[in-house]
Amino acid sequence: MWRIKEMKHITVKSVLNKKKVHDSWFLDEYTLNPYSACSFNCLFCYTQGSKYGNNMEDKVSVKTNALEVLEKQLALRAKKKQYGFIVLASATDPYLHFEKDTLLTRGMLELIHKYRFPVHMLTRSDMIQRDFDLLHRINRDSCSPSYLEGRLQDKVLVTFSFSTIEQKVADIFEPGATKIANRIDTMKASLKEGFRTGISLMPLLPFISDTKEQLHNTFALFRETGVQYVLPSTLTLFGNERGDSKWLMYRAIEKHYPQLLEKYKTWFDHSDYMPAFYHQAFMKKFEELCKKYGVKGRIV
Ligand code: SF4
């Protein structure tokens with residue numbers, strides 16, 4: 001039994017999800033989530049919403065039979081040689097505070113190693129350092145997916161997510177995540193270990209972390225750390241009900257950036273996405289910055 005008494009327990013029939021097509025940005029063919037919901041409580045997160053409530057920490061569930069189910073699923077996929085990158089994780093962080101006690105992500109990595117699958121770690125936490133030993137073994141022993149043959153030797157990708165590099169902004173929008181300075185240090189440690197390591201700007205916050213000055217500071221920092229790729233993402237907000245990401249973001253903008261509230265409402269009152277003109281300008285700017293700072297805008 002897990003040692004955290006207050007944590008909810010659920011059982012699942014399936015834990016490894018196969019995607020219809022592998023993702024050309026994240027290169028994954030499978031997603032894997034050890035927890036249901038996420039205690040980092042990022043306001044913009046698509047998992048925020050009426051399904052979980054606005055304090056997800058109370059709602060986090062641990063998938064108690066996940067290792068047993070995962071072993072069966074991996075064994076079957078390995079038998080058919082259906083090797084593909086597994087993103088760990090897509091709808092939670094693999095290193096929630098509870099992970100220290102549950103060791104569920106670590107158990108999953110042990111199975112991933114046993115069945116020789118490649119893995120893409122996606123996190124806002126410094127706890128990933130605990131598993132560097134296991135990630136080295138996966139990098140050494142796992143099989144490359146056929147769709148990446150000749151294009152990528154690595155069997156481990158480590159991506160750190162940021163919506164900003166300013167701690168005071170992160171305190172508002174991603175309150176449960178590891179502090180920015182620690183995340184940067186962990187990223188440097190991952191690079192030093194020799195893992196292919198990059199950044200996901202997930203998501204940049206319009207007029208807050210996407211300003212000219214902020215973007216230059218961000219890219220200059222990434223160049224300095226020697227990061228190997230940066231993946232872009234614009235803001236998407238769902239739901240109009242109390243506790244939904246749109247509702248949470250409107251409240252935060254009203255409190256901390258009242259001058260921006262009207263802009264955010266113009267964009268998101270009738271849509272979940274930023275307008276097309278913003279998206280186009282963003283991608284153009286992103287390409288210019290990658291060129292200027294010598295950072296790759298893709299993993300491969
Ligand atoms: S860490 Fe990721 S999954 Fe967790 S709340 Fe933040 S964006 Fe959502």
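Just follow the structure's listing: the first ligand is 1, and inside any ligand the first atom is 1. In what follows, residues are counted from 1 in the order of the sequence shown.
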For C45, the atoms of ligand 1 under 4.0 Å from one of its heavy atoms are 3 (S), 5 (S), 7 (S), 8 (Fe)
With a 3.5 Å cut-off and no angle check, do the side chains of S14 and Q73 form a donor-acceptor pair?
yes
Numbered in order shown, the ligand 1 atoms found under 4.0 Å of a heavy atom of F40 are 1 (S)
Using a strict 4.0 Å cut-off to heavy atoms of C38, name the atoms of ligand 1 that fall inside it.
1 (S), 3 (S), 4 (Fe), 5 (S)
Can R124 be said to touch ligand 1, with heavy atoms closer than 4.0 Å?
yes
Salt bridge present between D185 and K179 (N-O < 4.0 angstrom):
no
2.8 Å cut-off met by an N, O or S atom of C42 to atom 6 (Fe) of ligand 1
yes
For Y264 together with W267, are the ring centres under 6.0 Å from each other?
yes
For this output row, return yes or no: ring centroids of F195 and F132 closer than 6.0 angstrom.
yes
Does the ring centre of H97 sit less than 6.0 Å away from the ring centre of F40?
yes
